[in-house]
Amino acid sequence: MDTGAADALLICEHCDTVYRRRILVRGEVARCARCAAELERHQSLSVNAMLALVLTAMIVFVQANMWPIVTLGLNGQFSATTLWGMIITMWQQQAQVVSVLAAFTLFFFPMTKMLVLGWLLWFARRGRRAPGFVRLMVGLHHLGPWTMSEVFVLGALVAIVKAHNYFDVVADPGIYAYAALTVLITIFAGVDLRQLWVLTRDGQA
Amino acid sequence: MNTLPRAADLGLIGCHVCGQVCKDATNAGLPDGDTLACPRCGSALHRRKPDSYSRTWALLIAAFILYIPANLLPIMRTASLNDIDDNTIISGVVELWVKGSPDLAVIVFTASIVVPMLKFFSLGMLLLSSRAGSDWARPQRAKLYRLVEFIGYWSMLDVFVVALLTALVRFSLLSRVEPLPGVIFFGLTVVLTMFASMSFDPRMIWDGRNSND
């Protein structure tokens with residue numbers, strides 16, 4: 001399916017310069033000589049390692065969403081919230097736009113991304129393309145920057161500091177789960193998913 | 001001055017979705033109106049993103065219009081027994097600086113004020129200079145675009161802060177936090193600027209007049 005000649009070339013997305021592809025060794029990053037954008041980096045994670053990361057992220061994600069994030073205390077009264085508690089409250093407070101934004105960027109998109117990745121990687125372990133491979137890969141690309149869990153973690157930190165002036169603040173397990181999720185996202189940030197196009201072949205489907 | 005070959009000159013197109021290098025068959029008898037599709041992932045192929053200038057301008061201007069009420073209107077109300085306090089973005093930063101921690105105030109200030117402003121100025125400047133085919137500071141402009149693209153979504157920070165505080169501070173009469181319209185305008189501004197930077201095609205930075213002639 002791939003013509004060998006096309007695989008040997010590489011085009012810089014940021015300035016359209018054409019390069020001959022070179023095998024990179026561990027730690028190497030290929031940069032464009034014209035615009036200095038990153039062309040490719042050595043992918044040190046195997047498919048199995050990526051799958052393990054995604055599965056871990058799924059478990060942490062479930063915890064981050066189930067458990068309360070922070071508890072506030074004021075004169076013996078307590079108030080806690082989960083992510084969905086926050087989304088629902090915003091809807092009820094006439095900020096439906098914010099509610100929908102949060103629901104998608106913090107819940108639906110991250111969840112979709114993990115499920116799709118898990119599905120694709122599960123098949124990629126044997127070098128196969130999962131059913132729906134092409135469409136899912138295109139979908140993943142378009143999901144792009146619309147997952148914002150790491151921004152939310154920083155936001156929670158700011159909210160805690162702000163609330164700390166007026167309330168007793170207790171960090172709940174949810175915030176730790178979110179912190180762990182951020183670490184996983186950061187590890188995954190260097191992964192170029194486009195390698196799956198090359199690593200897998202049309203076995204069936 | 002540059003001898004690095006460019007895809008458009010070699011009759012190649014890089015697929016923006018999957019990275020595949022494709023032959024540009026636009027001039028090879030393709031029926032009018034039909035777009036070229038990537039043989040690997042089926043996405044439409046474009047030498048440059050379609051209508052990049054007008055789309056980016058439209059989104060950028062829309063974002064800027066929404067950014068005005070986002071800053072002028074309060075984003076959050078803090079109500080307690082004897083006091084109602086409405087916060088704008090900037091007063092929230094000031095409060096954090098005075099009462100909380102200056103380091104976080106700097107982060108919020110960067111995310112809510114510096115980043116959106118940087119986006120408006122940078123994208124506007126990139127659009128004007130690329131349109132003019134200017135070869136001024138091209139590597140720096142390319143770098144600026146990548147910076148804008150990378151940090152863009154962190155502006156959502158303040159929106160999440162307001163949302164979380166609203167959900168947390170619910171002590172009936174004693175103390176409540178409510179979102180105010182400013183936060184909605186701000187959320188929309190961030191989304192629109194993200195779309196704007198996505199629709200800008202950084203390859204245009206390098207498409208000077210001299211390379212076409």
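Letters A, B, ... are given to chains in the order of the sequence lines, protein chains preceding strands, and every chain is numbered from 1. The figures here come from the full heavy-atom set of this structure, side chains too, leaving out hydrogens, waters and symmetry mates. Not measured: the values here are computed from a predicted model.
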Minimal non-hydrogen separation, [X] against [Y], with atom names:
| X | Y | answer |
| --- | --- | --- |
| M156(B) | V151(A) | C-CG1, 4.0 Å |
| L165(B) | A163(A) | CD2-CB, 4.2 Å |
| Q77(A) | F171(B) | O-CE2, 3.6 Å |
| I11(A) | A7(B) | CD1-CB, 3.6 Å |
| L9(A) | V21(B) | O-CG2, 3.5 Å |

Inset, instruction - May I ask you to say whether D16(A) pairs ionically with R48(B), meaning some side-chain N is under 4.0 Å from a carboxylate O? - result: yes

Legend entry - Inter- and intrachain pairs under ring pair (Phe, Tyr, Trp, His ring centres under 6.0 Å), touching residues 15-39 of chain A, at least two apart: none

Legend entry - Leading residue by heavy atom contact count with chain A [cutoff under 4.5 Å; candidates G19(B), A8(B), S80(B)]: G19(B)

Legend entry - Separation of M137(A) CE from C18(B) SG (nearest 0.5 Å): 8.0 Å

Inset, instruction - For E40(A), enumerate each residue passing the salt bridge (charged side-chain N to carboxylate O under 4.0 Å, His left out) test, keeping only those at least two apart in sequence or located in another chain. - result: R21(A)

Which answer fits [X], side chain, backbone, both or neither, if we ask what part of it has an atom under 4.5 Å from a heavy atom of chain B?
| X | result |
| --- | --- |
| V138(A) | both |
| M90(A) | side chain |
| A102(A) | both |
| H164(A) | neither |
| T89(A) | side chain |

Legend entry - Heavy-atom contact with chain A under 4.5 Å, split by part of M204(B): neither

Legend entry - Under 4.5 Å from any heavy atom of chain A - which part of L157(B): both

Inset, instruction - Using a heavy-atom cutoff of under 4.5 Å, enumerate the residues of residues 175-197 of chain B that contact chain A, numbered in order, or state 'none'. - result: S175(B), E178(B), P179(B), V183(B), I184(B), G187(B), L188(B), V191(B), M194(B), F195(B)

Legend entry - Greater than 12 external heavy atoms within 6.0 Å of K49(B)'s NZ: yes

Legend entry - Over 12 foreign heavy atoms within 6.0 Å of CZ, F107(A): yes

Inset, instruction - Keeping the roles fixed (side chain from R170(B), backbone from S79(A)), state whether a donor-acceptor pair exists under 3.5 Å. - result: no

Inset, instruction - Kindly write out the residues that satisfy side chain to side chain contact (heavy atoms under 4.5 Å, CB included) with D192(A), not counting sequence neighbours, or none if the list is empty. - result: Q43(A), R194(A)

